[in-house]
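Note sheet for the following structure.
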Amino acid sequence: MTTWTVPGVPDKERCLVMGVVNVTPDSFSDGGQWFDPDEAVRHGLELVEQGADIVDVGGESTRPGAARVSLAEELRRVEPVIRALSQEGVTVSVDTMRAEVAQVAVLAGASLVNDVSGGLADPAMSRLVAEAGVPYVVMHWRGHSHDMETRAIYSDVLTEVAEELRKRVDNVLAEGVAESQILVDPGLGFAKRAEHDWALLAGIGRLNELGYPVIIGASRKRFLGRLLADAEGTPRPFSRSDDATLAVTALAAHAGAWCVRVHHVRPNADAVRVAAAWQRGEGVR
Ligand code: PMM
């Protein structure tokens, strides 16, 4: 089992759990629930109590088709929540594509920058991350939500995603980010159809070969709903795909993922412990 030391994130000798707090009115799976800052903070603390190692705070929905929010609105949404959670000692990541938001977030106490565009959306992001010195999630991304579905064209998705991630990482390194800051994520559901998501999960080993900790964000995504469609082919709503998320978590942890990003923390926190015990063979005499 490979264990990673990521600056600013406590080592756990198991796959970490990142709990999601979307401070948005329109996110795919939990939009509107934590839009009020006090509610968002309360929810973040609840996720920690349930076993989250990191709380990921985002102020911009990235669901397919979503329009962008303004910089001012994104800052208004995330800054007070990040500040309050950080003051409570929570390890917070900021889910943003904007360097200015990342900067404010780091000043407010965020320990990681989670950029779903891997630096493509804002050319100032890599420099900012280099200066801040915080871990940086480079996710595979091909374009903004409004038209990302048209970009889901691959002949060999695993090879192409690994290669595009490697190029992004090279770019980010060239801007001064240190190797020790980099985390990678295949970006399930981002310019990907269900079959692409499954191929990437089956290929976690190849993603590990990039040489950086891998994050998997499968929670409540559409490929799970499609898999669990009823006899008429109607996809299972995301509100009833948490058990499937859990199965992905156990398998991803077993396959060497560094972290899973999930909405429903408690059972996933159990699943990563099961995977770690399984790998260590605890209980076997
Ligand atoms: N997915 C979403 C948002 N941020 N960040 C990372 N690193 N990986 C992901 O897969 C990811 C992300 C979209 O999911 P949500 O809107 O349901 O939270």
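Indexing begins at 1, ligand by ligand and atom by atom, following the structure's order.
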Hey, are [X] and [Y] close enough for a salt bridge, meaning a charged N less than 4.0 Å from a carboxylate O?
{"X": "Glu160", "Y": "Arg151", "value": "no"}
{"X": "Lys167", "Y": "Glu164", "value": "no"}
{"X": "Glu195", "Y": "Arg193", "value": "yes"}
{"X": "Glu39", "Y": "Arg42", "value": "yes"}
{"X": "Asp53", "Y": "Lys12", "value": "yes"}

Is Met18 near ligand 1, meaning one of its heavy atoms is under 4.0 Å from it? no
Report yes or no: does Phe190 have a heavy atom closer than 4.0 Å to ligand 1? yes
Proximal atoms of ligand 1 relative to [X] (non-hydrogen, under 4.0 Å):
{"X": "Asn114", "result": "5 (N), 6 (C), 7 (N)"}
{"X": "Asp185", "result": "6 (C), 7 (N), 8 (N), 9 (C)"}
{"X": "Val137", "result": "7 (N)"}
{"X": "Asn22", "result": "15 (P), 16 (O), 18 (O)"}
{"X": "His263", "result": "15 (P), 17 (O), 18 (O)"}
{"X": "Val116", "result": "4 (N), 5 (N), 12 (C)"}
{"X": "Met139", "result": "6 (C), 8 (N), 9 (C)"}

Which residue pairs pass the salt bridge (Lys or Arg N to Asp or Glu O under 4.0 Å) test with at least one member in residues 168-179, sequence neighbours excluded? Arg127-Glu175
For residues 252-276, the salt bridge (Lys or Arg N to Asp or Glu O under 4.0 Å) pairs (sequence neighbours left out) are Glu49-Arg266, Asp56-Arg261, Asp95-Arg261
Would you mind finding which of Glu60, His140, Arg261 brings a heavy atom closest to atom 3 (C) of ligand 1? Arg261
Quick test of your reading of the structure: of Leu188, Val20, Thr62, whose heavy atom lies closest to atom 13 (C) of ligand 1? Thr62
Taking 4.0 Å as the limit for heavy-atom contacts, which would you say applies to Asp56 with ligand 1: side chain only, backbone only, both, or neither? neither
Which is it for Arg220 and ligand 1 at heavy atoms under 4.0 Å: side chain, backbone, both or neither? neither
Side chains of Val94 and Val113 in contact at under 4.5 Å (non-hydrogen atoms): yes
Glu100 CD: over 12 foreign heavy atoms closer than 6.0 Å: no
Output yes when the distance from some N or O of ligand 1 to some N or O of Ser219 is under 3.5 Å, and no in every other case. no
